[in-house]
Amino acid sequence: MHNVVIIGSGCAGLTAAIYAARANLKPLVLDGHEPGGQLSLTTHVENFPGFPDGILGPELIENMRKQAQKFGAEFKAGAVTEADLRQRPFRIIAGKHTYETEALIVAAGASARLLGLKGERELIGHGVSTCATCDGYFFRGKPIAVVGGGDSAMEEANFLSRYASKVYLVHRRNEFRASKIMIDRAKKNEKIELFTPFVVDEILAPKGLVEGVRLRNAESKEARELALDGVFVAIGHDPNSTVFKGKLDMDSNGYLIAKHGSLTSIPGVFVAGDVQDHRYRQAVTAAGSGCMAAIDAEKFLEEHKH
Ligand code: NAP
């Protein structure tokens with residue numbers, strides 16, 4: 001029996017773990033299918049307060065993990081497959097293991113979206129990627145495309161320009177969602193060529209390896225083919241909330257709904273990070289909400305003496 005189980009080991013989950021551990025609650029953190037969350041898949045983080053020269057995402061997340069462990073948080077690998085929240089203790093199932101807990105913090109994050117094209121999923125690892133830091137090195141001296149118009153796409157394009165011979169930044173609109181500083185950086189980068197407003201119609205891989213993309217101009221409908229070796233999809237994320245369908249309140253996109261900080265419709269269940277935030281989605285806001293969830297869980301446990 002646990003005091004607090006935390007689902008997710010990204011920025012939100014780890015911050016919740018630090019606070020819950022420091023409150024002597026000995027939290028159990030279930031890593032999930034993407035241990036470390038999105039920060040572990042990114043490069044330089046320049047906007048996390050306290051690091052004037054920036055810090056690498058994986059380093060930041062590793063530091064948080066060590067900090068949580070130092071205060072007594074326990075970690076277990078495995079993704080949650082089922083949750084019984086009908087009564088306390090809640091029962092959380094991750095593969096073959098069942099965990100019972102008095103309080104639950106859901107910080108399961110969000111996962112990379114795909115374009116939904118034929119063969120795209122099967123081509124992951126064969127030229128299609130959702131993680132520049134994981135796969136960029138494989139495209140040394142090769143032309144690639146990054147799809148998307150947000151900060152992730154800009155960041156990935158800039159990062160990948162270190163390796164690739166050429167980076168086509170393909171976006172479906174002429175306006176970018178990304179912040180100005182990120183757009184300017186991409187525009188100044190000689191290896192990056194902006195392709196707008198273009199939609200990817202097909203990933204060309206006749207031999208099972210990406211050889212190019214077929215694009216369509218969203219306005220003129222003009223078709224275009226680009227020969228390249230890699231397609232990095234950077235079009236946002238979906239919340240990892242499927243397990244909680246019908247159990248916790250969520251919006252039409254599957255984002256869990258938090259009330260008064262981290263509270264949910266079920267007393268003792270708290271939410272934090274990107275699984276409940278489609279607006280801010282920053283490392284620092286995820287960390288802040290993880291802190292709130294841990295404090296809310298601590299107060300709840302105090303009031304319902306365990
Ligand atoms: P995002 O801001 O939601 O942008 C997603 C982009 O992908 C949009 O430009 C969108 O186009 C495009 N898109 C979505 N679905 C598509 C589809 N099916 N086909 C083609 N294009 C599609 O997501 P993000 O870039 O991952 O950023 C998420 C959050 O993290 C943001 O708050 C961002 O500021 C933050 N972030 C910050 C940094 C940083 O500051 N260093 C780095 C990365 C991310 P439309 O614009 O046409 O909708």
Side-chain angles (χ1 to χ4, degrees), residues 10-12 34 36-61 109-118 120-121 128-134 136 145-161 167-187 189 192 194-203 213-219 224 226 231-240 251 253-255 273-289:
C11 210
E34 282 173 11
Q38 290 175 54
L39 272 186
S40 64
L41 303 177
T42 190
T43 49
H44 265 104
V45 179
E46 293 178 330
N47 50 12
F48 199 88
F51 300 94
D53 300 321
I55 181 166
L56 289 172
E59 193 185 338
L60 179 58
I61 212 76
S111 293
R113 250 183 231 150
L114 289 175
L115 292 161
L117 296 171
K118 194 167 152 262
E120 183 187 18
R121 197 171 284 278
V128 171
S129 172
T130 57
C131 176
T133 34
C134 317
V146 173
V147 185
D151 281 331
S152 297
M154 300 298 152
E155 190 173 72
E156 301 226 335
N158 269 310
F159 173 75
L160 289 164
S161 71
V167 179
Y168 299 103
L169 183 59
V170 179
H171 178 42
R172 61 186 178 183
R173 294 187 296 134
N174 285 322
E175 300 75 34
F176 290 102
R177 197 177 286 268
S179 48
K180 197 176 172 312
I181 185 168
M182 305 285 270
I183 301 168
D184 288 347
R185 205 174 289 170
K187 280 184 175 166
N189 188 320
I192 300 178
L194 304 184
F195 257 76
T196 65
F198 276 98
V199 174
V200 183
D201 266 348
E202 192 180 346
I203 298 172
V213 285
R214 192 157 48 74
L215 306 177
R216 177 176 34 92
N217 188 303
E219 287 164 4
R224 205 57 209 262
L226 292 177
V231 179
F232 285 80
V233 182
I235 59 168
H237 292 81
D238 287 320
N240 296 317
D251 69 14
N253 293 317
Y255 284 91
D274 283 11
V275 75
Q276 54 88 55
D277 172 23
H278 54 84
R279 183 181 172 88
Y280 302 104
R281 300 183 289 189
Q282 302 299 303
V284 68
T285 50
S289 71

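Note that ligands are numbered from 1 as they come in the structure, with each ligand's atoms numbered from 1 the same way.
Using a 4.0 angstrom heavy-atom cutoff, Met154 does not count as in contact with ligand 1. The closest approach between any non-hydrogen atom of Tyr280 and ligand 1 is below 4.0 Å.
Summary of contacts: the protein heavy atom closest to atom 36 (N) of ligand 1 is Asp151 CB, 3.6 Å. When only non-hydrogen protein atoms are considered, atom 25 (O) of ligand 1 lies nearest to Ser152 N, 3.0 Å. Remark: minimum distance from atom 47 (O) of ligand 1 to any protein heavy atom is reached at Arg173 NE, 2.7 Å.
Between Phe176 and His171, the two ring planes are parallel [angle under 30°; tilted spans 30° to 60°].
Residue Gly149 has at least one nitrogen or oxygen atom sitting less than 3.5 Å from a nitrogen or oxygen atom of ligand 1, judged on distance alone. Remark: ligand 1 and Arg279 share no N or O pair separated by less than 3.5 Å (distance only, no angle test).
The residue from His237, Gln38, Arg172, Glu46 that puts a heavy atom closest to atom 17 (C) of ligand 1 is Arg172. Selection from Arg113, Glu175, Glu156, Arg177 by nearest heavy atom to atom 2 (O) of ligand 1 gives Arg177.
Which parts of ligand 1 touch Glu155 is read off a 4.0 Å heavy-atom cut-off, strictly below it: atoms 41 (N), 42 (C). If you number the atoms of ligand 1 from 1 as listed, the ones under 4.0 Å from a heavy atom of Gln282 come out as 32 (O), 33 (C), 34 (O), 35 (C). Against a heavy-atom cut-off of under 4.0 Å, Asn47 is close to the following atoms of ligand 1: 39 (C), 40 (O).
Contacts between Arg281 and ligand 1, counted as non-hydrogen atom pairs separated by less than 4.0 Å, involve both the backbone and the side chain.
Salt-bridge check for Asp238 with Arg113: passed, with a basic side-chain N closer than 4.0 Å to an acidic carboxylate O.
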